[in-house]
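Here the structure comes first, spelled out in structure tokens, and everything after it is commentary.
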Amino acid sequence: MEHGGVGGEGGSRPLVFRVLPGRGSDGAGEFRGCLADVVDVLGIEVPGDANGRMGWGQRARGALRAAFRQEMVLPESAFDALVRAAVHDPDPSRNRQFVEPALNAFGRRRVRAALLDYLRTGSDAERAGAVRAWYWTALPLKLPQVRAEQADPEPDDRSVLNREYARAALEEFVHNEHLDVRRCILPGLALSRSAYPEELHHLVDAATAIARAHPDDYIRHRIEIQIRQ
């Protein structure tokens with residue numbers, strides 16, 4: 001997906017964000033297992049395809065979409081399955097399919113805390129996936145029909161754990177050289193010192209320097225746009 005243009009100063013030619021390159025490894029095999037776990041935990045029946053036009057993964061996604069439009073009570077075991085699928089989904093737009101029901105059933109704090117754990121302790125692929133999934137955790141709660149079996153409601157707060165995430169993402173960008181991790185973190189990374197406590201200002205400077213000198217074209221292009229906004 002291509003990002004919108006950003007106008008330059010003084011009527012200069014607008015800049016356009018380059019398309020984020022694909023992942024170094026699509027992780028399709030592992031994601032299929034995650035998707036199967038979600039289907040199994042929720043007891044969803046995946047229809048067959050008499051015409052042979054759709055693979056099992058496409059049909060499973062479709063069955064999940066249809067199920068989440070209906071009244072559904074999620075068991076406790078669904079939480080880990082949904083978050084894991086969101087983290088391992090190789091498609092950064094379709095992973096929303098797992099984040100949104102988890103938010104509505106289990107709450108924003110719990111989902112974000114789980115993604116933060118993946119960012120801090122997961123494999124590099126999981127760290128990148130956690131960042132992609134985090135993007136959708138700011139969604140408004142629009143699936144009231146999807147709820148947890150053991151509900152523990154708390155006031156919804158879209159700012160919950162934002163500071164913790166910002167710090168973790170900044171530290172990860174500076175200290176983790178993995179390309180997919182840095183590519184995923186950078187678009188949502190605040191690069192103003194005022195966004196962080198004083199003890200992290202040196203990391204903001206380091207992140208900017210790393211991005212500007214990075215051998216990856218996307219990262220170098222993206223940082224120049226972000227610092228001009």
Side-chain angles (χ1 to χ4, degrees), residues 1-24 86-87 92-93 95-96 99 103 108-122 124-141 155-229:
M1 181 181 295
E2 190 169 65
H3 301 270
V6 178
E9 296 179 1
S12 60
R13 183 179 179 180
L15 296 174
V16 177
F17 291 166
R18 291 185 182 181
V19 176
L20 177 62
R23 296 174 60 186
V87 167
S93 58
N95 57 359
R96 171 180 179 169
V99 176
L103 287 176
R108 208 176 301 273
R109 178 180 292 277
R110 188 174 176 189
V111 173
R112 286 184 168 179
L115 293 176
L116 265 173
D117 189 55
Y118 271 108
L119 176 59
R120 289 167 172 158
T121 67
D124 285 329
E126 288 173 337
R127 291 171 197 255
V131 173
R132 292 193 302 272
W134 182 277
Y135 175 83
W136 298 113
T137 65
L139 287 170
L141 304 183
D156 186 46
D157 178 6
R158 292 198 208 184
S159 68
V160 67
L161 297 179
N162 274 345
R163 291 183 181 179
E164 291 84 348
Y165 174 81
R167 179 175 189 135
L170 176 63
E171 292 174 341
E172 195 68 27
F173 185 85
V174 171
H175 299 304
N176 190 333
E177 297 182 0
H178 193 273
L179 180 58
D180 284 346
V181 172
R182 281 181 167 165
R183 282 176 172 175
C184 290
I185 288 175
L186 183 56
L189 189 63
L191 292 168
S192 169
R193 284 186 166 196
S194 62
Y196 303 93
E198 186 174 355
E199 68 266 20
L200 296 182
H201 289 181
H202 69 288
L203 291 181
V204 177
D205 297 339
T208 301
I210 288 169
R212 283 185 137 171
H214 203 280
D216 182 64
D217 287 344
Y218 172 81
I219 290 178
R220 292 199 312 274
H221 180 82
R222 179 77 203 206
I223 187 65
E224 294 303 327
I225 290 178
Q226 284 182 225
I227 62 178
R228 289 181 59 177
Q229 290 183 356

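- Summarising the geometry, atom CG belonging to Leu179 is positioned 11.0 Å from atom OH belonging to Tyr218; distances are rounded to the nearest 0.5 Å.
- At least one donor-acceptor pair under 3.5 Å links the side chain of Arg220 to the backbone N or O of His214.
- Between Leu103 and Thr137, the closest heavy-atom pair is CD1-CA, 3.9 Å.
- Taking 4.5 Å as the limit, every side-chain heavy atom of Ile210 sits out of range of all side-chain heavy atoms of Glu177.
- Between Ile219 and Arg183 there is a side-chain heavy-atom pair separated by less than 4.5 Å.
- Of all the heavy atoms in Pro140 and Arg108, the pair that sits closest is CA-NH2, 4.4 Å.
- Residues meeting the salt bridge (Lys or Arg N to Asp or Glu O under 4.0 Å) test with Glu199, sequence neighbours left out: Arg167.
- Note that CG of Leu119 and CZ of Arg112 are 13.0 Å apart. Values are rounded to the nearest 0.5 Å.
- In terms of the ring-ring contact (aromatic ring centres under 6.0 Å, His included) criterion, residue partners of Tyr165 (sequence neighbours excluded) are, by chain and number, Trp134.
- More than 12 heavy atoms of other shown residues, nucleotides or ligands fall within 6.0 angstrom of atom CD in Glu164.
- Taking 4.5 Å as the limit, every side-chain heavy atom of Thr121 sits out of range of all side-chain heavy atoms of Glu126.
- At a threshold of 4.5 Å between non-hydrogen side-chain atoms, the residues Leu161 and Arg109 count as touching.
- Ala207 and Phe173 make their closest contact through O-CE2, 3.5 Å (heavy atoms, listed as atom of the first residue, atom of the second, distance).
- Within the 4.5 Å cutoff, the side chain of Ile223 has heavy atoms near those of the Leu191 side chain.
- The distance from atom CZ of Arg193 to atom NE2 of His202, rounded to the nearest 0.5 Å, is 10.5 Å.
- Nearest heavy-atom pair across Tyr118 and Ala130 is CB-CB, 3.7 Å.
- Here the straight-line distance linking atom CZ of Arg132 with atom OG of Ser93 works out to 10.5 Å at 0.5 Å rounding.
- Checked options His178, Arg182, Arg127; the residue passing with Glu172 is Arg127 (criterion: side chain to side chain donor-acceptor pair (under 3.5 Å)).
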(Q) Set out, in order, the CA-CA distance, both residues' side-chain angles and the distance that settles side-chain contact (heavy atoms from CB on, under 4.5 Å) for Val131 and Val181, then state yes or no. (A) CA-CA 8 Å; Val131 173; Val181 172; 5.9 Å; no
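- By the salt bridge (Lys or Arg N to Asp or Glu O under 4.0 Å) test, Arg158 pairs with no residue at all, sequence neighbours left out.
- By the 6.0 Å contact criterion, OH on Tyr135 is open, its count of non-hydrogen atoms from other residues, nucleotides or ligands being 12 or less.
- Two residues are said to be in side-chain contact when any heavy atoms from C-beta on lie closer than 4.5 Å; Arg212 and Ile227 meet this criterion.
- Between Pro187 and Cys184, the shortest heavy-atom distance links the atoms CD-O, 3.4 Å.
- With rounding to the nearest 0.5 Å, the separation of CZ in Arg228 from CD in Gln226 is 13.0 Å.
- Thr208 contributes a side-chain N or O that, together with a main-chain N or O of Val204, makes up a donor-acceptor pair within less than 3.5 Å.
- Under a 3.5 Å cut-off, the side chain of Glu171 and the backbone N or O of Arg120 do not form any donor-acceptor pair.
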